[in-house]
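The structure appears below as structure tokens.
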Amino acid sequence: QVQLVESGGGLVQPGGSLRLSCAASGSISSIYTMAWDRQAPGKQRELVASITRSGYTNYVASVKGRFTISRDNVKNTVYLQMNSLKPEDTAVYYCEVVTGTFNTYWGQGTQVTVSS
């Protein structure tokens with residue numbers, strides 16, 4: 001059983017920055033992939049960034065060069081550093097983990113609003 005709790009969302013001006021955190025707790029043997037998804041009003045959920053246990057990262061094209069995903073395997077925590085934020089980044093951001101046995105879990109989501 002895995003519980004995910006996101007934090008760090010909020011309201012920022014265009015061009016500003018936010019850092020999201022997600023801590024995993026519970027009965028955790030191993031986590032293969034940690035990721036961030038987002039869903040904007042009227043749009044489908046999309047994968048924003050992912051990182052494997054070995055540190056391999058991937059990003060959706062629209063955030064490359066602006067967002068950085070990282071993880072602490074000891075603390076079972078994943079981070080998303082978001083810079084140069086745009087109004088188009090406004091969405092609910094969800095933490096996602098995939099265990100070594102391919103069980104998938106999501107957090108409750110944290111709101112990110114980019115507006116002047």
Side-chain angles (χ1 to χ4, degrees):
Q1 303 291 95
V2 177
Q3 183 79 15
L4 305 177
V5 180
E6 303 103 328
S7 62
L11 173 64
V12 296
Q13 300 273 356
S17 298
L18 283 174
R19 190 191 191 208
L20 306 183
S21 299
C22 173
S25 62
S27 300
I28 303 173
S29 178
S30 64
I31 299 175
Y32 176 59
T33 300
M34 306 188 82
W36 289 95
D37 307 320
R38 69 184 180 186
Q39 186 166 24
K43 295 185 177 181
Q44 290 185 298
R45 182 180 293 198
E46 67 175 348
L47 178 66
V48 178
S50 64
I51 182 168
T52 68
R53 187 172 183 84
S54 63
Y56 180 84
T57 60
N58 198 19
Y59 301 89
V60 68
S62 61
V63 308
K64 288 182 179 178
R66 300 188 297 120
F67 291 11
T68 302
I69 189 170
S70 61
R71 64 188 285 177
D72 184 328
N73 292 332
V74 175
K75 296 181 178 180
N76 285 326
T77 300
V78 63
Y79 308 92
L80 186 67
Q81 178 66 46
M82 305 185 293
N83 299 325
S84 301
L85 283 161
K86 304 175 180 179
E88 294 76 22
D89 296 316
T90 296
V92 177
Y93 285 70
Y94 298 90
C95 178
E96 176 186 355
V97 304
V98 180
T99 70
T101 54
F102 299 103
N103 293 314
T104 303
Y105 302 86
W106 289 271
Q108 82 286 348
T110 185
Q111 177 71 46
V112 172
T113 302
V114 185
S115 176
S116 59

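In this text, all values refer to a predicted model and were calculated from it rather than measured experimentally.
- Residues that satisfy the side-chain contact (heavy atoms from CB on, under 4.5 Å) test with A40, not counting sequence neighbours, are K43, A91.
- Applying the side-chain contact (heavy atoms from CB on, under 4.5 Å) test to R53 and every residue at least two apart in sequence or in another chain returns R71, N73.
- Annotation: side-chain hydrogen bond (donor to acceptor under 3.5 Å, both in side chains) contacts of S54 (sequence neighbours excluded): T52.
- Minimum heavy-atom separation, I31 to A24: CD1-CB, 4.1 Å.
- A search for salt bridge (Lys or Arg N to Asp or Glu O under 4.0 Å) contacts involving R45 returns nothing, not counting sequence neighbours.
- Interatomic distance, CD of Q81 versus CZ of F67, reported as 9.5 Å (0.5 Å rounding).
- Remark: T33 OG1 to I51 CD1 distance equals 9.5 Å, nearest 0.5 Å.
- For the disulfide (SG to SG under 2.5 Å) condition, no pair includes a residue of residues 32-91, sequence neighbours left out.
- Note on I69 and V97: same hydrophobic cluster, where clusters join Ile, Leu, Val, Met, Phe, Trp and Tyr whose side-chain heavy atoms are under 4.5 Å apart, directly or indirectly.
- The list of salt bridge (Lys or Arg N to Asp or Glu O under 4.0 Å) pairs with a residue in residues 107-116, not counting sequence neighbours, is empty.
- Put simply, V48 and V12 are part of the same group of oily side chains (I, L, V, M, F, W, Y) that touch within less than 4.5 Å, one to the next.
- T110 contributes atom OG1, which lies 10.0 Å from atom OH of Y94 (distance to the nearest 0.5 angstrom).
- V60 and L85 fall within the same hydrophobic cluster, where Ile, Leu, Val, Met, Phe, Trp and Tyr residues are linked whenever their side-chain heavy atoms come under 4.5 Å apart, directly or through other members.
- Taking the salt bridge (Lys or Arg N to Asp or Glu O under 4.0 Å) definition, one finds that D37 meets it with nothing, sequence neighbours left out.
- Cluster annotation: M34 and V2 are assigned to the same hydrophobic cluster (Ile/Leu/Val/Met/Phe/Trp/Tyr, side-chain heavy-atom contacts under 4.5 Å, transitive).
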(message) Before you tell me yes or no, could you show the steps for Y105 and T99 under side-chain contact (heavy atoms from CB on, under 4.5 Å), namely the whole-Å CA-CA distance, both residues' side-chain angles and the distance that decides it to 0.1 Å?
(response) CA-CA 9 Å; Y105 302 86; T99 70; 3.7 Å; yes
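- For CD of Q3, the number of neighbouring non-hydrogen atoms (other residues, nucleotides, ligands) closer than 6.0 Å is 12 at most.
- Heavy-atom minimum distance, S70 versus V78: O-CG2, 3.2 Å.
- Rounded to the nearest 0.5 Å, atoms CD (Q111) and CD (E6) are 12.0 Å apart.
- Residues in residues 12-25 take part in these side-chain hydrogen bond (donor to acceptor under 3.5 Å, both in side chains) pairs, two or more places apart or across chains: S17-N83.
- Scanning for side-chain contact (heavy atoms from CB on, under 4.5 Å) contacts around K64 gives Y59, with sequence neighbours left out.
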(message) For a side-chain contact (heavy atoms from CB on, under 4.5 Å) check, start with the C-alpha distance between N103 and Y32, then their side-chain angles and the critical distance, and finish with the verdict.
(response) CA-CA 10 Å; N103 293 314; Y32 176 59; over 6 Å; no
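- Screening residues 22-116 for disulfide (SG to SG under 2.5 Å), with sequence neighbours left out, gives C22-C95.
- Within the structure, salt bridge (Lys or Arg N to Asp or Glu O under 4.0 Å) pairs that include any residue of residues 76-93 comprise R38-D89, R66-D89 (at least two apart or interchain).
- If you run side chain to side chain contact (heavy atoms under 4.5 Å, CB included) between V74 and each of T77, D72, N76, only D72 comes through.
- Listed by chain and number, the residues in a side-chain contact (heavy atoms from CB on, under 4.5 Å) with V112 are L18, L20, M82, Y93, V114 (sequence neighbours excluded).
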